[in-house]
Amino acid sequence: MPSFVRRSQLQFLGLTAERLSGWTPTLAVWGVTAGAAVSLFLSDVPLFRKDVLIKVPVLGNYYKDTTPDSDKPF
């Protein structure tokens, strides 16, 4: 009986779990940065503000529109 049995790793498009684990921190940082950039650039769009930003627990009160109707131009 051999003491070492060679087994192949599961892979998808050449990526194994071992190879992907080295990229996980980098991909997480890029993902958080991309999400923050999208939130920053779309924070002035009323639909994005209403559907996404107001529902964030900590930031919701900051993005609520408290301007009286008489002061809104449209």
Side-chain angles (χ1 to χ4, degrees):
M1 181 106 179
S3 61
F4 176 72
V5 177
R6 184 174 179 167
R7 295 183 185 168
S8 62
Q9 288 184 335
L10 294 174
Q11 64 176 352
F12 178 72
L13 298 174
L15 292 174
T16 62
E18 182 180 359
R19 186 179 286 179
L20 192 60
S21 67
W23 284 94
T24 303
T26 303
L27 293 175
V29 168
W30 278 101
V32 168
T33 304
V38 167
S39 296
L40 175 68
F41 295 138
L42 293 178
S43 65
D44 290 333
V45 178
L47 184 63
F48 184 78
R49 183 183 300 164
K50 182 183 75 170
D51 289 345
V52 177
L53 294 177
I54 289 178
K55 295 179 183 177
V56 175
V58 177
L59 300 175
N61 291 330
Y62 179 77
Y63 287 106
K64 284 186 181 175
D65 186 17
T66 57
T67 307
D69 290 336
S70 61
D71 290 341
K72 294 180 183 177
F74 300 106

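When reading the values below, keep in mind they use all heavy atoms of this one structure, side chains included, and skip hydrogens, waters and symmetry mates.
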(message) Tell me whether Arg19 contacts the main-chain N or O of Gln11 through its side chain, where contact means a donor paired with an acceptor under 3.5 Å.
(response) no

Kindly list each side-chain donor-acceptor pair under 3.5 angstrom involving residues 36-45, sequence neighbours excluded, with atom names and distances?
{"unit_1": "Ser39", "atom_1": "OG", "unit_2": "Gly35", "atom_2": "O", "d": "3.1"}
{"unit_1": "Ser43", "atom_1": "OG", "unit_2": "Leu40", "atom_2": "O", "d": "3.0"}

(request) State plainly whether one hydrophobic cluster holds both Val52 and Tyr62, where clusters connect Ile, Leu, Val, Met, Phe, Trp and Tyr through side-chain heavy atoms under 4.5 angstrom apart. (result)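 Looking at the clustering, Tyr62 is in the same group as Val52.
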
(message) Do Phe48 and Val56 land in one hydrophobic cluster if side-chain heavy atoms of ILVMFWY residues count as linked below 4.5 Å?
(response)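 Yes, same cluster.
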
(message) Among residues at least two apart in sequence or on other chains, which ones pass side-chain hydrogen bond (donor to acceptor under 3.5 Å, both in side chains) with Thr33?
(response)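 Result, side-chain hydrogen bond (donor to acceptor under 3.5 Å, both in side chains) vs Thr33: none returned.
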
(request) Could you list the residues that satisfy side-chain hydrogen bond (donor to acceptor under 3.5 Å, both in side chains) with Asp65, not counting sequence neighbours? (result) Thr67, Lys72

Could you grab the distance from atom [atom1] of [X] to atom [atom2] of [Y], nearest 0.5 Å is fine?
X	Y	atom1	atom2	value
Asn61	Ile54	CG	CD1	9.5 Å
Leu53	Leu47	CG	CG	11.0 Å
Tyr63	Lys55	OH	NZ	16.0 Å

(message) How about CG on Leu27, more than 12 heavy atoms from neighbouring residues, nucleotides or ligands closer than 6.0 Å, or not?
(response) yes

